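Notes follow once the structure below has been shown.
So you know, we letter chains A, B, ... as the sequences are listed, proteins then strands, and number each from 1. Note that this is a predicted model, so its numbers are computed, not measured.
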Amino acid sequence: MKDLKYRAYVKRTPYLFLAPYFCLVCIFFIYPLISAFLLSFQQTNGPKSKAFVGLSNYSFVLTDPDFHKAVKNTAIYAVFSIFLQLPISLGLAMLLNTAKDKTKGFFRLIIFSPNLVGQIFVGVIFSVLFVPRYGLFNRFMQSLIYWGLENRWLENPTLVLPAVIITALWMYVGFNMIYFLAGLQSVDKSLVEAARIDGANPWQVFWNVTLPAIKPVATFVVVMSTIGSFQLFELPFSLLKGEFGPSSSGLFIVSYLYQMAFRAGDLGTGAAVGWILTLMIMIISLTQIKMSGTLEEGK
Amino acid sequence: MNGIHIFLLCLAALFVLLYALQPKRPKIAFTYLRYIVLALIAAMVMAPFFWLLCSAFKDSSVLMKYTFLPPIMNWAKEINLSNFRELFKSQPSMEGNVYFWQYIINSLFLASITTIVQMFFSSMGGYALAKYDFKGKKIIMFFMLASMMIPGVVLLAPVYKLIVNIGLMDTYWALVLPGACSVFGMFLFRQAIVGIPKDLIEAGRIDGCSEFSIYMNLIMPLVRPMTGAFCLVTFLGSWNNFLGPQVYINAQSKLTLPVVLNQYVGVYANQYGVFLAGTLLAIIPPAILFFCLQKEFISGLSSGAVKG
Amino acid sequence: MAKVFLKDVQKVYDNGFAAVKGASLDIADKEFMVIVGPSGCGKTTTLRMIAGLEEISGGTITIGSRVVNDVPPKDRDIAMVFQNYALYPHMTVFQNLAFSLKLRKYPKAEIKKRVSEVAEMLDISSQLDKKPKALSGGQRQRVALGRAIVRNPAAFLFDEPLSNLDAKLRVTTRAELKALHRRLNTTSIYVTHDQAEAMTLGDRICVMYNGEIQQVAAPMEVYDKPVNRFVAGFLGTPPMNFLKGKISSSDGKNVFILTDGDIVELKNDNGQLKSYMEKEMVLGVRPEHFTVEPFAGQSNNGIKSQVNVVEPLGDRKDVYMSSRSGQKFIANLDPHTAIDVDHQVTMYIDINKAHIFEPGETGKNITISKN
Amino acid sequence: MEFPYGKAPFWILVMAIITGLAMMLSRTFTNAGRPDLVFVVFAPRHYEAYLKLIPEFERKHNVKVQLQQVHQRPLQTRLQSALLADTDVPDMVEIMNPFMGAFMKGPLDDVGFVDLTDRVKAEKLDEKMVESRFSIWSSRGRIFALPHDVHPVALAYRRDIVEHLGIDVNKIETWDDFVRIAHEKIVKDVDGDGIIDRYALDLSISGTSFFPIILLQRGGRYFDSQGNLTMDTDITIDTILWYIRQSRGKTRISFPAGEGQPFYKALSDGIILFNFVPDWRSKVFEIDAEDLKGKMALMPLPAWEKGGRRTSTWGGTGLAITEKSKNKELAWELAKFLYLNKKDFSDRFAMLNVIPPLKEAWDLPAFQVEDEYYSGQKIGQIYAELAPETPPDYVGAYYEMVDGKTREVLIDGGVYYEKYGDKGLREFVTEKLKQKAAYVRRVMNRNVFLREGEVEITDANSSKENAG
């Protein structure tokens with residue numbers, strides 16, 4: 001009889017290995033997910049007051065100018081993190097790629113180091129660096145381009161978003177650089193040499209050889225950055241000391257959710273925001289994956 | 001025109017000079033240029049760290065007076081350990097006096113236990129996904145991918161309710177359990193394990209391994225770089241976790257560094273000096289870890305990305 | 001004690017593909033059985049079913065006196081040598097050899113004794129502290145062997161163990177393997193696609209094709225008396241030539257008329273040819289059974305052909321020819337034969353050693369008697 | 001023997017074991033069952049103060065009280081989600097004023113806190129304490145928390161510089177006086193480098209903290225006593241315009257000094273001379289800007305018209321008892337013990353500079369002490385004199401939103417002002433404020449729990465109630 005059990009045992013094994021995941025995901029993901037879904041059609045206030053409001057939460061959020069602002073800020077941040085942060089990361093990676101191993105390790109260590117500091121710490125540190133007149137950043141700008149000493153980065157609605165972008169730039173450039181470095185290692189050197197012999201200039205080599213070769217990595221980084229951008233919360237939260245900036249200039253989608261659910265106490269609307277955000281992230285990242293055409297390769 | 005401008009001009013001039021001297025071999029000049037650019041960027045990245053280092057030792061009354069360090073003749077008066085003394089002062093609480101080193105221990109414990117548990121469960125899941133064919137695998141993979149896109153805050157309220165209901169409030173279980181099996185980690189480990197030849201596993205089966213001992217004795221030793229990388233990422237995430245302990249932990253003596261340090265920069269208290277001193281200390285453990293694990297981290301993470 | 005019986009063993013995958021269609025095979029104790037066949041013929045699947053790595057869809061496998069269909073691999077008392085050796089890269093050679101013993105909780109001293117014995121036997125004693133990465137291909141191969149031997153199992157299973165070695169090493173290792181088997185005298189099942197290995201190593205050969213066992217017999221018997229066209233064509237280099245034509249009778253004699261008109265006189269008819277009269281058949285002739293001179297008493301069996309390529313190989317000469325209607329064949333001639341490209345020659349067949357097959361890939365050999 | 005899974009997991013495992021042991025060793029204390037009362041506070045200084053007082057209460061009543069300190073934001077978040085989840089909550093909490101509103105979103109019997117109105121009336125506390133302070137903790141006429149403080153606002157100024165400039169603060173009776181003197185004597189580029197480096201007042205350009213102070217002093221407010229929205233009245237518009245003119249453009253008299261160390265740096269550099277300082281902040285100054293000892297002094301706020309109110313309020317803490325508490329009576333005892341404890345008022349004033357709302361306490365000798373930091377002024381007396389005038393501040397369910405939206409108008413108006421000047425500013429601000437008010441009404445109207453006829457959401461101008 002013991003023998004007969006062996007087949008069943010082998011068949012069962014993957015489920016056993018996945019059992020912790022199944023258990024945890026049911027308890028801490030699916031169940032809350034369902035609660036959050038039901039919640040998004042309700043208004044709640046304390047244990048006694050609960051009311052079904054249909055799609056009212058969704059329609060409110062979608063027509064709320066604050067939500068529009070949050071979406072706009074998030075989109076701007078996402079665009080900057082893709083079109084400013086990633087090119088800088090790639091540029092740094094390319095500068096480093098051909099360096100000697102030791103040099104490479106040294107610069108990699110330095111440029112990555114901001115990632116060791118938690119967002120909550122970085123936020124507070126930069127809130128001091130951005131202080132008008134005394135802050136390190138303001139002084140640096142002043143001595144470099146004679147501008148910005150008195151800039152109220154965190155109080156001026158037009159400067160809050162740039163401040164968040166600059167802080168994020170400092171934090172994340174190194175992280176993406178590591179991915180790009182790995183991607184560049186996989187570029188076939190003989191291909192580059194062949195292109196050179198064919199008379200391609202460095203720009204053409206980059207465009208026609210390097211870029212296609214790092215496409216899978218680039219797609220990965222772009223998708224991860226976008227998802228990260230849409231989930232941005234702790235960094236601006238601590239940078240702006242738990243507020244959302246003047247005129248909500250530092251309001252992002254997740255901060256809007258947080259504010260709705262935990263400040264205004266409207267958990268139902270918060271849940272609705274969560275679902276809208278989830279939908280947005282899925283659509284955008286799937287579009288990105290589709291566009292880059294690496295869906296099939298990407299397993 | 002100031003020091004910074006002159007310095008930058010000198011660097012530029014040197015480039016022009018190098019280029020002019022050997023116009024036929026521009027490579028030297030461009031190599032020089034490349035390292036200058038890298039060095040300048042590295043300096044900019046390090047500046048906040050240097051500032052942090054300086055500020056942590058500045059007396060709170062002179063924190064804003066000097067950008068970095070005061071002139072050397074003022075050191076005796078203005079540079080001291082007052083911030084650290086304040087930090088390590090005992091704090092009264094209902095559980096008796098709490099000392100700063102307790103928060104360090106709490107943070108270390110929580111981060112390391114989270115790392116171990118997550119590594120164990122995630123790698124197990126990753127192994128199953130990489131090396132077994134079973135019913136529902138595709139659905140599970142798709143579900144995992146989709147679940148990575150759902151932001152955690154969506155679940156904050158229901159999970160909170162759950163944690164309270166099952167009586168895990170104010171325990172570290174509340175922080176370890178919900179994330180004990182990370183989807184991201186499962187993908188990373190799957191990625192690493194997929195590359196291990198099937199023969200090895202079968203050789204193990206014939207040699208007398210049970211399925212679990214194949215995982216423990218054959219698979220895990222072979223994905224050490226990924227384990228290292230994953231350890232670092234998880235440790236960092238848990239070490240710097242703010243929202244979790246903030247929401248789930250009540251007792252002062254159980255709090256972790258980010259939460260405790262954040263108490264120094266509220267509305268009623270703005271002790272930036274103390275906060276910065278604490279932050280400086282809080283950076284040390286992950287820095288040590290990263291320094292030791294650099295190689296594994298780079299190769300582990302990048303293998304995940306390159307393969308997509 | 002360690003006989004291995006396969007009875008109607010089947011393997012059907014979930015997608016409906018039948019890799020093995022009812023294979024039955026008796027392997028005697030201490031026998032060296034080689035399963036040979038082209039890739040995809042199901043030979044590896046069969047071996048993996050014996051090892052327990054693959055689920056058996058139908059039939060039974062018996063090792064010793066025990067039906068092992070549902071016995072886990074580790075309890076089947078077998079050892080396996082993999083094509084890629086499957087050495088554990090993170091363990092030293094010693095640990096690799098000792099691993100299975102350790103899992104079976106042998107005492108430390110016993111493990112050490114056994115491992116050093118085996119290492120001695122395989123001449124890898126000096127490599128015990130190295131990791132597999134630091135070894136050469138041949139050494140790795142030995143470690144893989146050693147890992148199987150050290151357990152002293154009831155049967156060895158080999159899955160193309162020599163295919164990753166270079167040609168020279170393959171030949172020497174082949175010989176060593178044979179010597180080893182003679183010394184250990186353990187039942188061995190050896191899978192390969194290389195017919196030379198099959199011929200040299202096997203006590204018996206099992207030829208598989210398309211998921212079915214074609215013939216099981218001693219090497220020379222399979223070579224001399226292939227049961228069908230596939231088996232005939234699979235063994236031997238260069239392979240057997242197949243010439244299309246039909247059986248007819250002329251002047252009371254059975255003849256084989258090739259499509260291009262040449263007539264080959266057939267001999268020793270046991271009467272079985274009668275039923276094949278005037279049917280399309282295939283004449284199988286091994287290259288070495290061609291000559292430029294007619295054989296004694298067989299004057300009427302020449303094929304007019306043209307020489308396309310001549311490959312002098314030292315010990316012999318491979319001549320690529322085509323008949324008048326363009327049927328290609330290879331003849332294996334004495335190296336000193338005066339023959340050159342574009343010569344028109346008549347090739348004679350040693351009809352005693354020729355076979356006649358039914359048409360089709362696995363056409364039956366009608367010239368060997370059924371019993 | 002090498003650890004087969006690599007160095008990293010090995011050392012992390014070692015660390016987990018060591019720290020785990022260390023934690024077990026350091027936790028020698030034992031939790032002797034559930035305490036009779038759990039009391040959560042957010043202010044570290046309150047925490048320290050109560051920690052000293054509670055043992056006496058425990059002895060007197062033979063009970064066990066557990067005091068917890070939680071950061072203010074998480075306290076609110078946690079409390080809110082706990083009340084929503086119907087889970088375990090502390091028996092008593094101290095809450096900051098703007099956060100109270102969030103608990104008032106539902107029907108009165110679902111507030112989550114015990115309605116203290118009858119208890120307060122029974123003890124005659126509404127008479128003994130500064131009456132306007134109950135406004136913060138009231139909704140629809142019911143009181144849900146006991147006020148901890150009054151927090152009257154005065155102006156703290158750099159006495160040394162102000163005297164040096166020849167300014168007599170006694171002559172500054174109104175804000176018009178203040179602005180005039182600021183223009184005449186204070187706002188200057190002292191070192192002649194083209195950057196103005198002396199301003200009269202600290203005003204943040206986003207209006208954080210300071211705008212509500214000015215609005216309240218003027219008699220404006222976001223909500224009336226019934227919880228109706230009154231954010232878009234003429235007073236609000238006037239105050240926004242005044243604020244913009246003083247904090248923006250070339251003729252501004254204020255400098256946004258920020259918070260924390262940057263603020264104290266600006267203060268000690270003499271970049272700002274006057275600050276809004278409620279009683280609690282006067283202590284923060286003493287601690288954080290130690291070197292200004294003897295250089296500071298306090299004065300009442302200038303009035304908006306001669307003889308008008310010369311103070312406002314900033315902040316406020318209240319003690320609420322949760323509806324779920326099993327020991328409500330004991331909690332009420334503890335609340336009284338802590339908040340009406342005359343013996344302790346002196347200690348706490350010395351520690352926090354905070355004036356209690358209990359009027360009879362102000363005669364205690366502790367409130368007559370001359371404060372060296374404020375150039376020997378009897379600051380207890382100064383604040384006590386201002387206290388009765390403190391304006392009420394009705395919180396309402398959407399306080400934080402209204403505050404935020406109003407300040408958005410302030411910021412948009414400021415940008416407009418810097419671009420186009422005074423022309424059309426009033427119209428612009430009025431228009432914007434109406435828009436924001438309409439938005440808030442829309443949000444309030446969504447609230448199905450407030451619709452039950454308990455609160456009438458009316459247009460602001462129809463309810464022009466002016467409370468003293």
Practice task
Tell me, out of A:F22, A:Y31, A:F112, who's got the most heavy-atom pairs with chain B below 4.5 Å.
Solution key: A:F112
Practice task
Look at A:L277, A:V173, A:I27, A:L109 and state which one has the largest set of heavy-atom pairs under 4.5 Å with chain B.
Solution key: A:L109
Exercise for the section: Grab the two heavy atoms, one from B:Q118 and one from B:S182, that are nearest each other, plus how far apart they are. Expected result: OE1-CB, 3.4 Å
Completion exercise
Answer key: most heavy-atom pairs under 4.5 Å with chain B among A:Y15, A:F126, A:F180 is A:Y15
Handout entry: Contacting moiety of B:L289, where chain A heavy atoms sit under 4.5 Å
Key = neither
Handout entry: Selection from B:L52, B:D133, B:L276, B:I41 maximising heavy-atom pairs under 4.5 Å formed with chain A
Key = B:I41
Problem - Sub-6.0 Å ring centroid separation between B:F184 and B:F187 - result: no
Fill in the blank from the handout: Honestly, the part of A:V25 sitting under 4.5 Å from a heavy atom of chain B is side chain
Handout entry: A:S113 versus chain B, the contacting section by heavy-atom distance below 4.5 Å
Key = both
Handout entry: Atom group of B:L232 that falls short of 4.5 Å from chain A, counting heavy atoms
Key = neither
Exercise for the section: Please find out if less than 6.0 Å separates the ring center of A:F252 from that of A:F233. Expected result: no
Problem - Interchain contact, B:S147 with chain A, by part (heavy-atom threshold 4.5 Å) - result: both
Completion exercise
Honestly, the part of A:F107 sitting under 4.5 Å from a heavy atom of chain B is side chain
Problem - A:L144, part contacting chain B, at a heavy-atom distance under 4.5 Å - result: both
Practice task
Compute the ring centroids of A:F137 and A:W170, then answer whether they are less than 6.0 Å apart.
Solution key: no
Tell me which donor-acceptor pairs under 3.5 Å the side chains of residues 94-103 of chain A have, and how far apart each pair is, sequence neighbours excluded?
unit_1 : atom_1 : unit_2 : atom_2 : d
A:N97  : OD1    : A:Q185 : NE2    : 3.1
A:T98  : OG1    : B:R34  : NH1    : 2.9
A:T98  : OG1    : B:R34  : NH2    : 3.3

Completion exercise
Residues pairing under salt bridge (Lys or Arg N to Asp or Glu O under 4.0 Å) where one sits in residues 20-40 of chain A, two or more places apart or in two chains, turn out to be none
Problem - Pairs involving residues 44-55 of chain B, ordered by first then second residue, that meet salt bridge (Lys or Arg N to Asp or Glu O under 4.0 Å) (sequence neighbours left out) - result: none
Handout entry: Proximity breakdown for A:M171 and chain B, heavy-atom pairs closer than 4.5 Å
Key = neither
Problem - Which portion of B:L236 sits near chain A, non-hydrogen atoms under 4.5 angstrom - result: side chain
Exercise for the section: Specify which of B:Y35, B:F134, B:F121 makes the most heavy-atom pairs with chain A at under 4.5 Å. Expected result: B:F134
Handout entry: Under 4.5 Å from any heavy atom of chain B - which part of A:I30
Key = side chain
Problem - Leading residue by heavy atom contact count with chain B [cutoff under 4.5 Å; candidates A:P114, A:S35, A:C23] - result: A:P114
Completion exercise
Note: vs chain A, highest number of non-hydrogen pairs under 4.5 angstrom among B:F291, B:Y127, B:F275 is B:F275
Problem - Engaged part of A:L279 at the chain B interface, taking heavy atoms whose separation is under 4.5 Å - result: neither
Completion exercise
Most contact-rich option vs chain A, by heavy-atom pairs under 4.5 angstrom, among B:L162, B:L257, B:I283, is B:L162
Problem - Under 3.5 Å donor-acceptor, A:D266 side chain and A:A261 backbone - result: no
Practice task
May I ask you to decide if the ring planes of A:F237 and A:Y258 are parallel, tilted or perpendicular, using 30° and 60° as cut-offs?
Solution key: perpendicular
Exercise for the section: Check each atom of A:L33 against the heavy atoms of chain B and say whether the ones under 4.5 Å are side chain, backbone, both or neither. Expected result: both
Handout entry: Option in B:T279, B:L8, B:I163, B:I4 with maximal non-hydrogen atom pairs under 4.5 Å from chain A
Key = B:T279
Exercise for the section: Would you please go through residues 268-275 of chain A and name the residues with a non-hydrogen atom below 4.5 Å from one of chain B, in numerical order? Expected result: A:G274
Problem - Closest-packed option against chain B by number of heavy-atom pairs under 4.5 Å, given A:I227, A:L92, A:I88 - result: A:L92
Exercise for the section: With a 4.5 angstrom heavy-atom cut-off, could you sort out which part of A:I110 is near chain B: side chain, backbone, both or neither? Expected result: both
Exercise for the section: Under 4.5 Å heavy-atom distance to chain B, tell me which part of A:F175 shows up: side chain, backbone, both or neither. Expected result: side chain
Problem - Proximal component of B:A146, with respect to chain A [non-hydrogen, under 4.5 Å] - result: both
Problem - Proximal component of B:F120, with respect to chain A [non-hydrogen, under 4.5 Å] - result: neither
Exercise for the section: Answer with side chain, backbone, both or neither: which region of B:M186 has an atom nearer than 4.5 Å to a non-hydrogen atom of chain A? Expected result: side chain
Handout entry: Check against side chain to side chain donor-acceptor pair (under 3.5 Å), B:S123 and B:Y215
Key = CA-CA 9 Å; B:S123 59; B:Y215 157 78; 2.7 Å; yes
Practice task
Answer with side chain, backbone, both or neither: which region of B:L129 has an atom nearer than 4.5 Å to a non-hydrogen atom of chain A?
Solution key: side chain
Practice task
Heavy-atom pairs under 4.5 Å with chain A are the metric here; pick the option from B:K131, B:K135, B:K295 that has the most.
Solution key: B:K135
Handout entry: Contact class of B:I150 relative to chain A, heavy atoms under 4.5 angstrom
Key = both
Practice task
Examine A:F121 together with B:F242 and report whether their ring centres are nearer than 6.0 Å.
Solution key: no
Exercise for the section: Quick one: which of A:I125, A:I253, A:V124, A:V131 has the most heavy-atom pairs under 4.5 Å with chain B, could you say? Expected result: A:V124
Exercise for the section: Working to the nearest 0.5 Å, report the span between CD of A:E243 and CG of A:L240. Expected result: 8.5 Å
